[in-house]
Structures are given as structure tokens and as C-alpha cells.
Amino acid sequence: MQLDKIVVASGNEGKIKEILKIFKGCEIVPMREAGFTGEIEENGKSFRENALIKARAVCEKLSLPALADDSGLCVDFLGGAPGIYSARFSGEGDAANRRLLLEKMKDATDRRAHFECAVCLYLPDGRTLFGVGQTFGSILQEERGKHGFGYDSLFFSDDLKKSFGEASAREKNKVSHRARALADLTERLKTF
């Protein structure tokens with residue numbers, strides 16, 4: 001299936017930049033530029049449900065195909081937390097989220113973690129298509145690197161052998177959960 005234009009259903013500048021670099025082949029427009037100014041309540045119980053909620057809300061308002069992702073950090077020692085609550089873990093933003101994670105992990109011997117992402121493409125006729133991706137690593141004892149956003153400076157990538165915060169955008173986009181979910185979606189679009 002060929003699409004001419006897709007609205008990215010996100011207000012997260014970091015995510016939008018990654019999607020613009022990764023998803024090629026059609027015009028990608030952030031939702032605010034396309035005219036969507038409302039807030040979307042992410043009240044799903046999974047990454048997939050939250051991606052669907054966001055994509056559907058934007059598509060139904062603008063009558064254009066909408067792409068949304070929901071993603072987060074899942075830490076084994078914390079039973080998968082912060083998971084779908086990754087962006088709201090502390091309630092006080094990225095730096096506070098990282099501090100809270102380090103506090104909760106101070107006595108952890110198992111530091112395994114993964115980032116997980118579900119992307120949803122919602123079309124004006126109601127059809128939906130999903131892609132999923134994961135990337136594995138561990139939580140560092142302290143922040144390393146200044147690149148990226150969210151938990152990137154605390155996540156040591158098994159693929160890159162360094163933190164996402166130390167990686168260039170190009171390096172991260174080759175192995176990130178979002179890149180893998182978008183690649184999965186792109187493959188599924190070929191036969192949709």
C-alpha cells in the first residue's frame with residue numbers, strides 16, 4: 001500500500017525526529033502542524049492499546065492516515081515497570097524519571113531491561129495496521145552520554161555496547177525499538 005501523507009500522532013519532539021528519520025516514502029507531518037491541537041488521554045493497558053487510541057483520535061479528527069507509537073522502558077528487576085508509564089514514572093519529567101529509576105535500582109543485581117514499542121497506522125476507513133519492536137540491554141549505575149531523550153543515558157544497549165545517550169542518532173536508529181517497530185510496520189504495509 002502506498003500512502004502520500006501520514007500525520008504523526010505525537011507531541012514528543014524526540015519521537016517525531018526519530019520517526020522523520022526512519023519512516024521514508026511519504027510526507028510525514030507532526031500532528032500540531034496538521035492542525036490537531038487536542039490532548040489525547042492514554043488510558044490503554046498496553047503499548048498497542050495506547051498507540052491505537054492516539055492514532056485513531058488524530059485520524060478521526062483530521063481525516064488523514066495517522067501513525068502513533070507508544071513505547072517505554074521495561075526493567076526486569078521492577079517487574080516490567082515503568083512500562084506504559086515510562087514518561088509519567090515520577091510525574092516530573094525526564095530527569096526526575098531517571099533519578100527515580102536509579103533510586104529504585106540501587107540494590108538491584110539484575111539490571112536487564114528492554115525498550116518496547118508498538119506503532120499503529122490508522123486509516124480514515126477504519127483499517128489499522130500494527131508494528132512492534134524491542135531492543136535489549138541493561139540499566140547503568142549512572143548516566144552516560146548527552147544524546148537522545150528519556151532514559152537513553154541510562155540504557156546500555158546490547159547491540160551498540162554503549163548507552164543510547166552515547167550513541168549518535170544514526171547508530172540508535174539502526175537498533176532502537178522504534179526503528180524495529182517501524183520496520184515491522186513497513187514490511188506489513190507491503191501486503192496490506
Side-chain angles (χ1 to χ4, degrees), residues 1-75 79-94 97 114-135 148-152 169 172-173 175-192:
M1 164 181 262
Q2 179 62 37
L3 298 168
D4 296 324
K5 184 176 188 176
I6 297 174
V7 178
V8 178
S10 177
N12 181 312
E13 291 299 320
K15 286 183 182 184
I16 292 169
K17 284 179 184 176
E18 285 186 8
I19 290 169
L20 287 169
K21 289 178 183 174
I22 294 168
F23 199 81
K24 309 256 191 257
C26 70
E27 182 184 1
I28 303 293
V29 182
M31 68 182 190
R32 303 262 187 258
E33 285 181 28
F36 187 93
T37 56
E39 293 297 319
I40 303 169
E41 184 180 356
E42 297 177 41
N43 55 9
K45 304 255 188 289
S46 67
F47 295 117
R48 183 181 166 111
E49 284 181 25
N50 282 335
L52 173 62
I53 288 166
K54 292 185 279 190
R56 181 175 43 219
V58 171
C59 178
E60 288 178 352
K61 174 108 184 212
L62 301 176
S63 298
L64 290 168
L67 175 71
D69 93 302
D70 196 51
S71 54
L73 179 66
C74 304
V75 179
I84 62 171
Y85 304 104
S86 291
R88 305 179 295 272
F89 192 40
S90 70
E92 299 175 16
D94 286 351
N97 288 344
H114 69 276
F115 276 112
E116 187 168 329
C117 178
V119 292
C120 176
L121 178 65
Y122 195 94
L123 302 174
D125 64 8
R127 288 183 297 157
T128 58
L129 188 62
F130 291 91
V132 294
Q134 295 181 328
T135 190
F149 61 98
Y151 299 93
D152 285 354
K172 180 184 172 188
N173 287 342
V175 301
S176 79
H177 50 303
R178 192 167 294 106
R180 289 174 174 165
L182 289 167
D184 185 35
L185 178 72
T186 301
E187 279 303 306
R188 292 170 192 270
L189 264 173
K190 292 176 183 176
T191 58
F192 189 59

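Because the structure is predicted, anything quoted here is derived from the model rather than measured.
- Nearest heavy-atom pair across Gly133 and Ala181 is N-CB, 3.6 Å.
- Atom-to-atom distance recorded for Lys172:NZ and Arg178:CZ is 6.5 Å, nearest 0.5 angstrom.
- Taking CG of Asp70 as the start and SG of Cys117 as the end, the distance is 8.0 Å to the nearest 0.5 Å.
- Counting only residues at least two apart or in different chains, side-chain hydrogen bond (donor to acceptor under 3.5 Å, both in side chains) contacts with residues 80-94 comprise Ser90-Asn97.
- In this structure the side chain of Leu73 never reaches within 4.5 angstrom of the side chain of His114, judged on heavy atoms.
- Within the 4.5 Å cutoff, side-chain heavy atoms of Val58 are placed close to those of Ile40.
- Between Phe115 and Tyr151, the angle of the ring planes lies from 30° to 60°, which puts this pair in the tilted group.
- Looking at Pro82 and Val75, their side chains come closer than 4.5 Å, going by heavy atoms from C-beta outward.
- Applying the salt bridge (charged side-chain N to carboxylate O under 4.0 Å, His left out) criterion to Glu187, with sequence neighbours excluded, gives Lys190.
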Before giving the answer on side-chain contact (heavy atoms from CB on, under 4.5 Å), spell out for Thr135 and Arg180 the whole-Å C-alpha distance, their side-chain angles and the decisive distance to 0.1 Å.
CA-CA 8 Å; Thr135 190; Arg180 289 174 174 165; 3.5 Å; yes
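- The two residues Ala51 and Ala118 come nearest to each other via the heavy atoms CB-O, 3.6 Å.
- Atom OH of Tyr122 and atom CD of Glu60 lie 4.5 Å apart (nearest 0.5 Å).
- Looking at every heavy atom in both residues, Cys74 comes nearest to Gly83 through SG-CA, 4.2 Å.
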side-chain contact (heavy atoms from CB on, under 4.5 Å), that's the test. Do Leu189 and Leu129 meet it? Break it down for me.
CA-CA 8 Å; Leu189 264 173; Leu129 188 62; 3.7 Å; yes
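- Geometrically, Arg48 engages Phe130 in a cation-pi contact defined by less than 6.0 Å to the ring centre and at most 45° from the axis.
- Contact of the Cys59 side chain with the Pro65 side chain is not registered, since no non-hydrogen atoms from C-beta on lie closer than 4.5 Å.
- Distance check, rounded to the nearest 0.5 Å: CG of Leu52 to CG of Leu121 gives 11.5 Å.
- Atom CG of residue Asn50 and atom CD1 of residue Ile84 lie 5.5 Å apart, to the nearest 0.5 angstrom.
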Determine, step by step, whether Asp69 and Val8 satisfy the side-chain contact (heavy atoms from CB on, under 4.5 Å) criterion, reporting the C-alpha distance in whole Å, the side-chain angles of both residues, the deciding distance to 0.1 Å, and the verdict.
CA-CA 9 Å; Asp69 93 302; Val8 178; over 6 Å; no
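- A salt bridge between Arg188 and Asp184 is present, with a side-chain N of the basic residue lying under 4.0 Å from a carboxylate O of the acidic one.
- Annotation for Gly72 and Phe47: closest pair N-CE2, 3.4 Å, computed over non-hydrogen atoms.
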Side-chain donor-acceptor pairs of residues 26-36 under 3.5 Å, sequence neighbours excluded:
unit_1, atom_1, unit_2, atom_2, d
Arg32, NH1, Phe36, O, 3.3

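- For the pair Glu116 and Gln134, the minimum side-chain heavy-atom distance is below 4.5 Å.
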